[in-house]
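Working notes for the structure below.
A note on names: the letters A, B, ... follow the listed sequences, proteins ahead of strands, and every chain is numbered from 1.
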Amino acid sequence: MHTRRDMLSQSAKVATMLAAAGFLPSLAQAQSDGYNKAAFDAKTINDAVKAMGAQAPSESKDVTITGPDIAENGAVVPVGASTTVPGVKRLLLLVEKNPSALTAVFDVTDAIEANVSTRVKMGQSSDVYAVALTNDGKALFAKKEIKVTLGGCGG
Amino acid sequence: MADPMRIRAQASGDKATVRVLMSHEMETGQRKDSAGKVIPAWFIQEVTAQHNGKPVMTAQWGPAVAKNPYLQFIVKGAKVGDKITLSWVDNKGDKRSDEATVA
Amino acid sequence: MRTQQLLIAAAAGALLAGCTAPLPKPDYDAMTDAMMKASFTDRGIAKVERLRQDRSNDECSKAAGAPLPEALAKSIEAENLKTVKMPSDGRFIGDWKEGEKLAQNGRGMTWTDTSTSNNGGNCYNCHQISKAEISFGTIGPSLYQYGKIRGVADPASAASKPIVEYTWAKLYNAKAYNACSGMPRFGHAGMLDETQLKHLMALLLDPKSPVNQ
Amino acid sequence: MKPLVIAVALSACAIVATAQNAAQKSTADGIAEYRRMLEEGNPAELFEAKGEALWSKKRGPKNASLEQCDLGKGAGTVAGTFVELPRWFADTNQVQDLESRLLSCMENLQGISAAEVAKTPFGRGEQANMEALVAYISAASRGMKFNLPQDHPEEKKMLELGKRAFFYRAGPYDFACASCHAADGQRIRLQDLPDLTKNPGDGVGFAAWPAYRVSSGELWSMQRRLNDCFRQQRFPFPGYASEVTVSLGVYMGVNAKGAESIAPSIKR
């Protein structure tokens, strides 16, 4: 069971990643519709602690992250994000311990289901986050730990 | 020029699952070659999907999407015979667009 | 020599004449040696001299996985045991933390390596060692609790001496106890130096090592 | 076809797992899950498509396609050839595997120097084309069973030499192919090691290559697989399509008789 304090610190972490990624409402306004370079360049969680404000993201059972428990090779790790929350605008995939946490952003329309899969690179074992951003500015997340192991001869 | 994508769109009920494989290096910009020189980043930045010409999804990717990327999504209301078009643009401005028919 | 040529000529003649007289059995071992020589080239530090086999490798290759005749196995083991050099200062146990790093390291001696020193021990490729590392091979036996199972409370004690010396010799030249062992001869082949072997000894035998928890 | 192969892989993992403790069982399950997810989209398909286009494209100094290449079932036939290679070819009087046969065809039909291609590093230039071609040609035999011919004396000889090469121990670590591939149920790190002295099963070992290698993001032919095995074995450098590589192909291929090919597969 998560304690309330754990939950808060997790929310803080996600908020930091999101803020660093420019996806919290306060920052998102400043972004144009084009490629969000700042989001993908964001390195550390601390980068945006200041920006953590109004709406802290919260863990939600209505968001799902899929992926293996163990990846034999960090170069290719299958992950997916989906949600049943209505009014979802975007789905994000983030790898906490990668040099830049944000990996992919999917803009969801009514014409597709809020359910996407891709494959990411992971430098080491890490929590991987799926975050759903809703039209009314909420950020909901699910996370999963994926262990990256060393396969083969290691030579 | 980039090699073609492989797109599979499989109808089931009132929707279609689209699976895409793209041929791309997805170089992170953090690796070094044997001489110790940084290999410049080279990766797909934007992906768009259309259903019978109508945009249904846009994605922005960073360099941590795996080499030769795989993408799966589900298009509502897509029927057998419909067209699914995928396009991508990378950080060097290289582009690729391919089309598949829902089966 | 001459008779052999004559025989071959005769056999060839017989064949031409449509007869089915058997040809002399081809010498596949010699053909293999020639094939190996012709197929490989030097690349980086990996030179073709590496194909040369000593008696252990020659006999074990020819046995093709079958056990060697007992007398032959014993003589090869004796030959290998003679190569074992005990540590020059009489100390067997180094730093298990360094040993763990060596055990994890699977690098060294390939044509993409640039130096013949700084080799890893490759241990986890084949053995379970510490409990924490789940990515281990099963080609060799588990070494988890290696020292503990063998009752090594103090590696420096007289009671531990036989197992300590055996372990050193096994790491130094594994063929001393099993002629066709799949394990490299780390000391004998110069793959690991005395200090590195001591670190691996500590990983296996130091009561403080995670292996023995 | 595919679900069957996955089921086999899963059961193999389960057998390994019972020999280990509970923690190891979940490791094996986790790895099996990872592999299953990867099989949903195998980038080898990208190489197959490229290879198919290359096969019929006019190239080289002679501006010719490879469509007249005889892979063992007559000029132009691709389907079913892969599961009967390596085999003896009358025109070259040699036992050839897929890659060495393609070298002959590229040289004779297209005027592309076989020696130059053999010298090219893997994944570059004509070697990249070679990888696409082997993906396409092996895919045309997917689901078929290996059945290498052993009628010609040269094919029998190569089997004998391949067996000896397989057990040839040398180098600073005393390794042979057999060090890792002559027993059932063994792993190196977490990687299952097929026993290549017999038929290790459908889609396992020889029947799984060429394969898309996740680690390098490239398609590896059997030549490249063997080359890296010899590197890890700490041997000197095996020539591309050299006799030792072809003889090992004969040995593994004959042993794999009856195994169903899933090539090109996807591998860690």
Side-chain angles (χ1 to χ4, degrees), chain B residues 1-10 12 16-35 39-44 47 49 57 59 61-75 84 86-88 90 94-101 103, chain D residues 1-3 33-57 59 120-136 138-140 142 210-220 224 228 231 237 264-268:
Chain B
M1 197 175 96
D3 288 328
M5 285 179 249
R6 298 286 278 177
I7 306 169
R8 280 217 179 88
Q10 187 77 43
S12 165
T17 301
V18 182
R19 294 184 176 87
V20 189
L21 284 162
M22 308 172 198
S23 185
H24 204 283
E25 284 299 315
M26 299 303 286
E27 191 61 57
T28 60
Q30 306 200 352
R31 297 196 311 157
K32 288 178 180 165
D33 63 17
S34 51
I39 306 169
W42 181 31
F43 58 96
I44 293 174
V47 180
M57 191 204 63
W61 287 355
V65 170
K67 180 172 177 178
N68 293 325
Y70 173 77
L71 170 65
Q72 184 183 318
F73 59 97
I74 298 158
V75 180
I84 299 288
L86 267 290
S87 311
W88 57 252
D90 70 20
D94 198 3
K95 292 171 194 201
R96 177 85 214 180
S97 193
D98 292 280
E99 189 179 79
T101 306
Chain D
M1 280 313 174
K2 243 177 192 170
E33 181 191 20
Y34 172 77
R35 290 177 189 162
R36 200 168 55 241
M37 286 176 163
L38 285 188
E39 288 189 24
E40 281 169 19
N42 182 352
E45 276 185 35
L46 298 165
F47 294 81
E48 289 171 34
K50 187 180 168 192
E52 186 172 10
L54 273 170
W55 179 256
S56 50
K57 190 177 173 187
R59 298 193 323 122
T120 306
F122 291 112
R124 311 252 179 88
E126 283 299 333
Q127 280 286 351
N129 291 335
M130 184 67 94
E131 286 162 0
L133 286 165
V134 299
Y136 162 60
S138 62
R142 193 183 271 131
Y212 181 78
R213 274 300 295 266
V214 163
S215 50
S216 66
E218 291 170 309
L219 194 114
W220 283 27
R224 187 165 182 183
D228 200 57
R231 187 181 70 84
F237 194 85
S265 71
I266 183 163
K267 294 275 185 185
R268 175 197 71 79

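Taking A64(B) as the reference, N98(A), T103(A) meet the side chain to side chain contact (heavy atoms under 4.5 Å, CB included) condition, with sequence neighbours excluded. Every side chain to side chain contact (heavy atoms under 4.5 Å, CB included) that M37(D) has, sequence neighbours left out, goes to P68(A), P78(A), E33(D).
Neither the backbone nor the side chain of M26(B) has a heavy atom closer than 4.5 Å to any heavy atom of chain D. Proximity to chain D is absent for every atom of P69(B), based on heavy atoms less than 4.5 angstrom apart.
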Using distance alone, with no hydrogens and no angle check, list the donor-acceptor pairs under 3.5 Å between chain D and chain B.
{"residue": "E45(D)", "atom": "OE1", "partner": "R8(B)", "partner atom": "NH1", "Å": "3.4"}
{"residue": "E45(D)", "atom": "OE2", "partner": "R8(B)", "partner atom": "NH1", "Å": "2.8"}
{"residue": "E45(D)", "atom": "OE2", "partner": "R8(B)", "partner atom": "NH2", "Å": "3.4"}
{"residue": "Y212(D)", "atom": "OH", "partner": "N68(B)", "partner atom": "ND2", "Å": "2.9"}
{"residue": "S216(D)", "atom": "O", "partner": "K67(B)", "partner atom": "NZ", "Å": "3.1"}
{"residue": "G217(D)", "atom": "O", "partner": "K67(B)", "partner atom": "NZ", "Å": "3.4"}
{"residue": "G217(D)", "atom": "O", "partner": "N68(B)", "partner atom": "ND2", "Å": "3.3"}

